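Bear in mind that the values here come from a model prediction, so they are computed numbers and not experimental data.
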Amino acid sequence: MHRFLRARAGNSPSWDRANRFYEWARPPRQLKTTTLGKIVIVFSIVIGVAATNTGNNLLYLVLGGLFGTIAASGVLSERVIKKLSVRLVMPRYGIAGSASGITVILQSEKDTDSFLLWVELFDHDERTLGRTFVREIPGYGQRAVSVSIRPESRGAFEIAGVRVRTSFPFQMYEKSRKFESANAVLWTAPAPAQVDAAALGAKGSERGDRRARGTDGDEFRGLREHMEQDPPSRIHWRRTAATGELLTKQFSSRASPEVLIQLRAGATDGAFELALADVAGYLRAARNADIPVRLECGHATTVVSGSGAGLADAMLALAAVKRSDVPAGVEPVLIRVQG
């Protein structure tokens, strides 16, 4: 019923008012009978009919015990899930087709413990996205759990809320409570494609050669005290002769990015999405080769250092960019080696 009204709420004011009334009128808890609970109900009916027909006090005693068990189950399960608050902590970004962990923090605002809880994330159609089990939350305590979800496509992946369920204590009935979460969005970046790292140029091999020679980069930055691991080729002999102390030349890499990656619209939407996966693959290859990259992705320009700093910002840009945001061009990915 809720899914039916929600789907039609945006089509007319009448359906929208009906959906709002349903949201207001429906109970704050949802109760579902398990298989064991159905057996108990049927058994209670049978015992009740038999007690009425025979007038056997023992049957009435059994019937009263069954009714008491049903009532106790409802009271205790309500005691477990009431006065709980929920907070979501979203990761910076996710990868399409890969599992992403959403942190759910459950806070108890009562002095009694909560037991045997299932924590679920659901979407706007109330479909379960992922769930995990919590054995216990102490009174006035909190638990942080990770719920794994798997977005299948790039872009904004919205989470409508958190559902907390319990069948404590007799497993006969399942009571659940929903916590709506406003603006809970996981930005999903494209899965990195397998690319040819040679397109990034020879900078990676040059940097490896410099490390093998014991130098840090191309630009002279000054002198420092000589250390045992420094090669003799780095000793500044003229200054050493003047001061009488071994001094070593210090170099560093250029601060400007060595590879420029520009994104274009491509010929079709499919080609654009494939290009985004290629760019993600190039970013991963550049990080592995310690190559700095400047990414021009629509309105965003991101610099990713060779150590990987800025990679999260670049992946967020790939997750949020639209084809209409980037310049036109048949070739969707342009790579230029700087310097």
Practice prompt. Report the C-alpha distance between I102 and M90 in whole Å, list the side-chain angles of each, state the deciding distance to 0.1 Å, and finish with yes or no for side chain to side chain contact (heavy atoms under 4.5 Å, CB included).
Written response: CA-CA 6 Å; I102 310 298; M90 308 298 293; 3.8 Å; yes

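- When the shell of 6.0 Å around CZ of R284 is examined, it contains more than 12 heavy atoms from other residues, nucleotides or ligands.
- When side chains are defined from C-beta on, K32 does not count as touching S176, because their heavy atoms never get closer than 4.5 Å.
- Legend: residues meeting side chain to side chain donor-acceptor pair (under 3.5 Å) with K110, ordered by chain and number and at least two apart, are S114.
- Here the straight-line distance linking atom CZ of R177 with atom CD of Q30 works out to 11.0 Å at 0.5 Å rounding.
- Here the side chains of P169 and S73 are in contact, with some heavy-atom distance below 4.5 Å.
- N56 places no side-chain N or O within 3.5 Å of a backbone atom of A51 that could act as its donor or acceptor partner.
- A donor-acceptor contact shorter than 3.5 Å is absent between the side chain of Q142 and the backbone of S108.
- In this structure, the separation between SG on C297 and CD on Q262 is 11.5 Å, given to the nearest 0.5 Å.
- The CD1 atom of I95 sits 9.0 Å away from the CG atom of L318 when rounded to the nearest 0.5 Å.
- Hydrophobic clustering of Ile, Leu, Val, Met, Phe, Trp and Tyr side chains at less than 4.5 Å, counting indirect connections, unites V185 with Y93.
- Residues Y173 and V42 do not share a hydrophobic cluster, defined by chaining ILVMFWY side chains whose heavy atoms lie under 4.5 Å apart.
- The two residues A280 and M315 have their closest heavy-atom pair at CB-CE, 4.2 Å.
- Not one N or O on the side chain of T132 forms a donor-acceptor pair closer than 3.5 Å with the backbone of V119.
- Counting heavy atoms from C-beta on, the side chains of L334 and R264 come closer than 4.5 Å.
- Linking ILVMFWY residues whenever their side-chain heavy atoms come closer than 4.5 Å, directly or via other members, leaves I261 and L274 in distinct clusters.
- Scanning both residues, G94 and S100, for their nearest heavy atoms gives CA-OG, 3.5 Å.
- A heavy-atom distance below 4.5 Å is found between the side chains of L121 and V104.
- A donor-acceptor contact shorter than 3.5 Å links the side chain of R154 to the backbone of V321.
- No donor-acceptor pair closer than 3.5 Å links the side chain of R143 to the backbone N or O of R135.
- Under a 3.5 Å cut-off, the side chain of R294 and the backbone N or O of L260 do not form any donor-acceptor pair.
- D113 approaches G139 most closely through the heavy-atom pair OD1-N, 2.8 Å.
- Atoms CG and CZ, on L36 and F170 in that order, are 10.5 Å from each other to the nearest 0.5 Å.
- Contact between A317 and T302 at its shortest, heavy atoms only, is CB-OG1, 4.5 Å.
- No donor-acceptor distance shorter than 3.5 angstrom exists from the side chain of D313 to the backbone of G310, with no hydrogens or angles considered.
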Practice prompt. Could you please spell out the steps behind the side chain to side chain contact (heavy atoms under 4.5 Å, CB included) verdict for E158 and H124?
Written response: CA-CA 8 Å; E158 296 185 1; H124 290 293; 3.0 Å; yes

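- The main-chain N or O of I159 is found under 3.5 Å from a side-chain atom of S181 such that the two form a donor-acceptor pair.
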Item to complete: Go through the steps to decide whether T34 and Q171 satisfy the test side chain to side chain contact (heavy atoms under 4.5 Å, CB included), and finish with yes or no.
Response: CA-CA 7 Å; T34 63; Q171 310 294 313; 5.5 Å; no

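- Side-chain contact check for K175 versus V80: every heavy-atom pair is 4.5 Å or farther apart.
- Between I137 and F115, the closest side-chain pair of non-hydrogen atoms is not below 4.5 Å.
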Practice prompt. I would like to know whether L316 and R92 meet side chain to side chain contact (heavy atoms under 4.5 Å, CB included); could you show each step before the answer?
Written response: CA-CA 8 Å; L316 281 173; R92 288 290 305 278; 3.3 Å; yes

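- Both F43 and F67 are members of a single hydrophobic cluster when ILVMFWY side chains are connected at heavy-atom separations under 4.5 Å.
- Minimum interatomic distance between A191 and A96 (heavy atoms only, all atoms of both residues): CB-O, 3.5 Å.
- Counting only heavy atoms from C-beta outward, the side chains of V40 and T69 never approach each other to under 4.5 Å.
- The structure places CG of L295 at 6.0 Å from CG of L283, a figure rounded to the nearest 0.5 Å.
- Annotation for D278 and V195: closest pair O-CG1, 3.7 Å, computed over non-hydrogen atoms.
- Under a 3.5 Å cut-off, the side chain of K38 and the backbone N or O of T33 do not form any donor-acceptor pair.
- The shortest side-chain heavy-atom distance between F157 and L129 falls under the 4.5 Å cut-off.
- Both I45 and M172 are assigned to one and the same hydrophobic cluster, defined by single-linkage of ILVMFWY side chains at heavy-atom distances under 4.5 Å.
- In this structure, the separation between CD on E174 and CH2 on W118 is 10.0 Å, given to the nearest 0.5 Å.
- No donor-acceptor pair closer than 3.5 Å links the side chain of R163 to the backbone N or O of T128.
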